[in-house]
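All of these numbers come straight from a predicted model, not from anything done at the bench.
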Amino acid sequence: MSDYRISAHSAGGSATPAAILFDVDGTLVDSNYLHIQAWYRAFADVGIDVEAWRIHRSIGMDGSTLVSSLSDHAPEGTQKRLKDLHSRYYLDSAQLLRPLPGARTLLHRVADLGLKVVLATSAPEDELALLREVLDIDDIVAAITSASDVDTAKPKPDIIHVALRRVGVSADQAAFVGDAVWDAEACVRACVTSIGLLCGGFSRSELEKAGTAMVFANAEDLTDHLEETPIARLVAGV
C-alpha cells in the first residue's frame, strides 16, 4: 500500500480542485439507530409487523424504496403515513444526535488540503438542517445535496451525479466516503471511488463486496490513515 505525503493546501495545483463527497447519516453523524427506532415505531403504528433487523439492513437506501419494500408495497396513503410518522419520531429524537468520532476533524483536514468538501446526502431538508447544525461545518462546505435534488436516491447514482455537477468536477476527480452498501453501489454506478466506514453498521466484507476501495472504522480512523487512501492520491494529482 502506497503512502502519499500530503500537506495543507497542496491539492495538485489544479484549476479545479478535486472533491470529496460525504454521506452524512451514519457516516458523519451517529443517526442510523435513531432512524431504525423511528421506522420501527412508524411501522408498528400502521399495524405492519417489521423486524428491526430488516429495517437496519435497509438504512441508507432511498426512503421511498425502503418504505415500499418493507411494507410489501402497501397502498400509497399508507406509505405516505409511514414516512410522516418516521419523520415525526426521528425529529423528536434530534437531541440525541451527535457527530461520529473524528467527523469534524476529517472534514477540516480535507478542506485544509485544498479539496472541496461536499455533503452528498439525500436527507429531507428538515432532517438535513438538524444534521448541519450538529456538524457545525457549513463554513468549509462547497456544496450540499438533499432529497429535493433527485427522484430516487441511493443505490441509484443520481445524488452523486448532482453533487459532481454542483462543484464542477468529473468522477475521476472525486472520492466518496460512506457507511452503507447503498453508498458503495451508487459509487460503482457513478464510476466514483468510494471509501467505507464501519460506523453505520455494515460489515467490512459487505462494504468491500459492494465495491468500496478501502474500509475504516470511522472518520477518526480514516483521518489517521489519510495518506494511504484515494483521498491522498487526489491531493497528489496521481
In Å and rounded to the nearest 0.5 Å, what is the [atom1] to [atom2] distance from [X] to [Y]?
X	Y	atom1	atom2	answer
Leu106	His108	CG	NE2	10.5 Å
Trp39	Lys83	CH2	NZ	7.5 Å
Met61	Ser69	CE	OG	6.0 Å
Ile55	Tyr40	CD1	OH	7.5 Å
Arg41	Ser93	CZ	OG	8.5 Å
Ile59	Arg54	CD1	CZ	12.5 Å

(message) Could you go through Ile140 and Asp112, starting from their C-alpha distance and side-chain angles, then the distance that decides it, and tell me whether this counts as side chain to side chain contact (heavy atoms under 4.5 Å, CB included)?
(response) CA-CA 9 Å; Ile140 61 168; Asp112 286 345; over 6 Å; no

(request) Take Asp172 and Thr193 through the test side chain to side chain contact (heavy atoms under 4.5 Å, CB included) and record every step on the way to the result. (result) CA-CA 8 Å; Asp172 61 357; Thr193 300; over 6 Å; no

Is the backbone of [Y] close enough, under 3.5 Å, to the side chain of [X] for a donor and an acceptor to pair up by distance?
X	Y	result
Asp183	Ala180	yes
Glu206	Ser203	yes
Ser71	Val67	yes
Thr229	Leu226	yes
Arg104	Ile137	no
Gln79	Ala74	yes
Thr121	Val24	no

Charged N to carboxylate O below 4.0 Å: is that the case for [X] and [Y]?
X	Y	result
Asp84	Lys80	yes
Arg98	Asp30	no
Lys154	Asp23	yes

(request) Can you label the angle between the Tyr90 ring and the His86 ring as parallel, tilted or perpendicular, going by 30° and 60°? (result) parallel

Decide yes or no for [X] and [Y]: does some side-chain heavy atom of the first lie under 4.5 Å from some side-chain heavy atom of the second?
X	Y	value
Pro99	Val29	no
Arg189	His161	no
Leu66	Asp62	no
Leu28	Leu100	no

Least distance between heavy atoms, [X] atom then [Y] atom:
X	Y	result
Leu128	Thr145	CD2-O, 3.7 Å
Ala120	Ala163	CB-CB, 4.0 Å
Ile20	Val177	CG2-CG2, 4.1 Å
Gly102	Thr223	O-OG1, 4.3 Å
Arg132	Asp138	NH2-OD2, 2.9 Å
Ala190	Ile160	CB-CG2, 3.8 Å

(request) Determine, step by step, whether Tyr33 and His56 satisfy the ring pair (Phe, Tyr, Trp, His ring centres under 6.0 Å) criterion, reporting the C-alpha distance in whole Å, the side-chain angles of both residues, the deciding distance to 0.1 Å, and the verdict. (result) CA-CA 8 Å; Tyr33 294 93; His56 186 192; 5.1 Å; yes

(message) Under the rule for side-chain hydrogen bond (donor to acceptor under 3.5 Å, both in side chains), what residues qualify as partners of Trp182, not counting sequence neighbours?
(response) none

Flag yes if more than 12 heavy atoms outside [X] fall under 6.0 Å of its [atom1] atom; otherwise flag no.
X	atom1	result
Asp151	CG	no
Glu76	CD	no
Tyr89	OH	yes
Arg57	CZ	no

(request) Under the side-chain hydrogen bond (donor to acceptor under 3.5 Å, both in side chains) rule, what do Lys156 and Thr65 come out as? Steps first, then yes or no, please. (result) CA-CA 11 Å; Lys156 289 193 174 182; Thr65 304; over 6 Å; no

Transitively linked via ILVMFWY side-chain contacts under 4.5 Å: [X] with [Y]?
X	Y	result
Leu131	Ile159	no
Ile195	Val169	no
Leu107	Leu21	no
Val141	Phe176	no
Ile48	Leu85	yes

(message) Using the rule given for side chain to side chain contact (heavy atoms under 4.5 Å, CB included), can you reason through Phe22 versus Val110, listing the C-alpha separation, both sets of side-chain angles and the distance that settles it, and then say yes or no?
(response) CA-CA 11 Å; Phe22 293 90; Val110 167; 4.1 Å; yes

(request) Determine, step by step, whether Ile231 and Leu115 satisfy the side chain to side chain contact (heavy atoms under 4.5 Å, CB included) criterion, reporting the C-alpha distance in whole Å, the side-chain angles of both residues, the deciding distance to 0.1 Å, and the verdict. (result) CA-CA 9 Å; Ile231 293 173; Leu115 300 169; 3.8 Å; yes

(request) Compute whether any side-chain donor of one residue and acceptor of the other, for Asn32 and Asp179, lie under 3.5 angstrom apart. (result)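 Result is yes, a qualifying pair exists.
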
(request) Go through the structure and list residues passing salt bridge (charged side-chain N to carboxylate O under 4.0 Å, His left out) with Lys116, not counting sequence neighbours. (result)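 For Lys116, no residue satisfies salt bridge (charged side-chain N to carboxylate O under 4.0 Å, His left out) once neighbours in sequence are set aside.
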
Could you go through residues 210-221 and list every donor-acceptor pair under 3.5 Å that involves a side-chain atom there, pairing it with any protein atom two or more places apart or in another chain?
unit_1: Thr212; atom_1: OG1; unit_2: Leu207; atom_2: O; d: 2.8
unit_1: Thr212; atom_1: OG1; unit_2: Glu208; atom_2: N; d: 3.4
unit_1: Asn218; atom_1: OD1; unit_2: Glu220; atom_2: N; d: 3.2
unit_1: Asn218; atom_1: OD1; unit_2: Asp221; atom_2: N; d: 2.9
unit_1: Asp221; atom_1: OD1; unit_2: His225; atom_2: ND1; d: 3.1
unit_1: Asp221; atom_1: OD2; unit_2: Ala217; atom_2: N; d: 2.9

(request) Give the intermediate values and the outcome of salt bridge (Lys or Arg N to Asp or Glu O under 4.0 Å) for residues Asp149 and Arg166. (result) CA-CA 11 Å; Asp149 290 314; Arg166 201 152 281 177; 3.0 Å; yes

